[in-house]
Amino acid sequence: MKIASFNINGIKARIEALTRWLNEAQPDVVVLQEIKSVDEGFPRDHFEDMGYNVETHGQKSFNGVAILSKLPLEDVTRGLPGDDSDEQARWIEATVTGNHSSVRVCGLYLPNGNPCPGPKYDYKLAWMARLEARARQLMADEMPALMAGDYNVIPQAEDAAKPESWTEDALFRPETRAAFRRILNLGFTEAFRARTQGPGHYSFWDYQAGAWQRNNGIRIDHFLLTPACADMMTDCQIDKDTRAGDKPSDHVPIWITLDA
DNA sequence: ATGTCGCTCTACGAGCGA
C-alpha cells in the first residue's frame, strides 16, 4: 500500500500538476494540504473519474485538507479534537484496509506560526498540544496509525540547507522542535529518518529568491508512524523531481509503502 | 536580492498568507 502526502498550495492552481503526479506515482492513498477551497469547490468528479474516493475538509481561501484513496475510506472524521472554536480546516482522518491490516490515516496541515513571537505562534503551539493529545490516543488504540502532512517543523539543523537563516523562524524555534520531539517521544517513528540519514533532503523550496535553483530547501513534510505501522513500512521517499515540473507547488510529495 | 505564488474582493491592483 502506497500512501503519500502532498501540500499542493491550491487545488485550482494545481489540478494539472497533481493529476500528472498521480498518474506517475500511482499512490493508493494521498493526503493533501492547502487545498484552499471549500468542499463544494473541490473538483471531486475529476479525481473520482481517475478511480479515487474523495473526502475533503475545506474552507474558503486558506488551509483545507483532503484524502484521495483508491481503497474505500471508512470512519472519516474532520477537525483536530480539543478546541470546538477552532474553525481552521487542518485535520482529517480515515481508515483504509489492506490485504491483512487496517490503517488509520491522519492528514494534517500544522499552522505556520509566523510571525514569531505573536498570536499566530501561540496558535501553533496550542495546536501542537492538541496534536500530542490525539497522538496519545492513536498510540493507545490497537489499530496501526500514521499522521502525515505539512508539519511546518524543521526537526534538526540538517533538515535545512541554511539552518542559520531559520533560527528565529516559527518552523525552527526551540519550542517548536521540542513540541515535535514530545510527540516523537510517545513512540512514533519519523518514517524518512528511519531509513535515510544525513543532510540535503528537503520537501519545500520557497518560490522566492531562486530557492529551488540554489537548492535552498527545508524538510517540513513528515510521516509519523505508530510502532505497529512502522513495522509494516517497506520504503519512504521524497519525490524531489516534482518541484522541477510545470507550475509546481512549493512543496513536493512524500510517500511511504506499507506491507498492510 | 527587497527576488514569488495563490487567493479574494467588486478588482482591472491591493492585501493577506505562506
Side-chain angles (χ1 to χ4, degrees), chain A residues 5-21 31-44 46-47 56-66 80 86-91 107-128 131 148-155 159-173 175-177 179-180 202-222 238-254:
Chain A
S5 173
F6 193 0
N7 181 323
I8 56 174
N9 190 16
I11 185 58
K12 296 177 191 68
R14 214 65 61 210
I15 186 162
E16 290 182 8
L18 174 57
T19 300
R20 201 162 55 235
W21 171 76
V31 294
L32 303 175
Q33 302 89 40
E34 286 204 89
I35 64 173
K36 295 186 174 180
S37 167
V38 295
D39 295 333
E40 310 79 64
F42 192 88
R44 151 185 303 274
H46 171 77
F47 297 105
T56 61
H57 180 41
Q59 70 179 87
K60 192 176 177 181
S61 305
F62 305 118
N63 308 320
V65 290
L80 181 64
D86 185 0
E87 296 183 349
Q88 299 192 29
R90 298 178 174 276
W91 182 267
L108 67 99
Y109 175 48
L110 205 148
N112 176 294
N114 284 302
C116 171
K120 291 190 175 180
Y121 192 58
D122 296 340
Y123 174 70
K124 178 176 193 155
L125 293 180
W127 203 93
M128 292 184 83
L131 177 61
D150 177 0
Y151 279 74
N152 270 312
V153 174
I154 303 168
D159 297 311
K162 297 183 178 179
E164 67 279 6
S165 66
W166 295 93
T167 52
E168 301 305 314
D169 194 281
L171 279 62
F172 194 54
R173 288 290 301 165
E175 298 92 328
T176 304
R177 297 164 60 197
F180 185 71
Y202 312 125
S203 66
F204 169 91
W205 295 259
D206 202 291
Y207 287 123
Q208 298 189 68
W212 167 247
Q213 289 75 11
R214 296 160 188 258
N215 196 25
N216 180 16
I218 52 177
R219 195 175 67 90
I220 57 175
D221 297 270
H222 309 297
I238 301 172
D239 277 350
K240 179 180 183 180
D241 293 348
T242 306
R243 189 63 173 79
D246 290 336
K247 215 166 179 286
S249 172
D250 41 7
H251 294 250
V252 296
I254 61 173

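Lettering follows sequence order; numbering is per chain, from 1. As the structure is a computational prediction, the values presented were derived from the model and not from experiment.
- Checked by atom type and distance alone, the side chain of A/Arg90 never pairs as donor or acceptor with a backbone atom of A/Leu108 at under 3.5 Å.
- Between A/Glu175 and A/Arg173, at least one side-chain N (NZ, or NE/NH1/NH2) sits under 4.0 Å from a carboxylate O, which counts as a salt bridge.
- When rounded to the nearest whole Å, the span between CG of A/Asn7 and C1' of B/dG17 equals 12 Å.
- Across the protein-nucleic acid pair, A/Asp206 atom CG and B/dT2 atom C1' stand 13 Å apart, rounded to whole Å.
- Between A/Lys36 and B/dT8 there is no side-chain N or O to OP1 or OP2 distance below 4.0 Å.
- Because its NZ or CZ atom is not both nearer than 6.0 Å to the ring centre of A/Phe204 and within 45° of the ring axis, A/Arg219 does not count as a cation-pi partner of that residue.
- The same atom, C1', is picked in B/dG15 and in B/dT10; the two are 15 Å apart, to the nearest Å.
- For A/Tyr207, whose side chain is taken as the heavy atoms from C-beta onward, the closest listed nucleotide among B/dT8, B/dA18, B/dT4 is B/dT4.
- When heavy atoms are screened at a 4.0 angstrom cut-off, A/Phe204 is found touching no nucleic acid atom at all.
- In this structure, CD of A/Glu34 is placed 19 Å from P of B/dT4, rounded to the nearest angstrom.
- Picking from B/dG6, B/dC9, B/dG17 the nucleotide with the shortest atom distance to the side chain of A/Arg14 gives B/dG6.
- Phosphate contact (OP1/OP2 of B/dC9, side-chain N/O of A/Lys60, threshold under 4.0 Å): present.
- Between the A/Lys124 side chain and the A/Asn152 main chain, a donor and an acceptor come within less than 3.5 Å of each other.
- Listed candidates were B/dT8, B/dA18, B/dG6. Nearest to the side chain of A/Phe62 is B/dG6.
- Side-chain contact check for A/Ser5 and A/Asp221: no donor-acceptor pair (N or O, by modelled atom type) lies under 3.5 Å.
- In this structure, A/Ala209 reaches the bases: a heavy-atom distance under 4.0 Å links it to at least one base atom across the strands shown.
- B/dA11 sits 15 Å from B/dC16 when the C1' atoms are compared, rounded to a whole Å.
- Side-chain proximity of A/Lys12 to the nucleotides B/dC7, B/dA18, B/dC9 is greatest for B/dC7.
- Taking atom CG of A/Asn63 as the reference point, atom C1' of B/dT8 lies 15 Å away to the nearest angstrom.
- Rounded to whole Å, atom C1' of B/dA18 lies 8 Å from atom NE2 of A/His251.
- Along DNA chain B, the nucleotide nearest to A/Ile11 and the one nearest to A/Gln88 differ in position, and the one closer to the 5' end is contacted by A/Ile11.
- B/dG6 atom C1' lies 15 Å from atom CD1 of A/Ile15, rounded to whole Å.
- Nearest-nucleotide mapping onto DNA chain B: of A/Pro111 and A/Gln208, the residue sitting toward the 5' end is A/Gln208.
- A/Gln33 places its CD atom 16 Å from the C1' atom of B/dG6, with the value rounded to the nearest Å.
- Between the CG atom of A/Leu32 and the C1' atom of B/dG6 there is a distance of 16 Å, given to the nearest Å.
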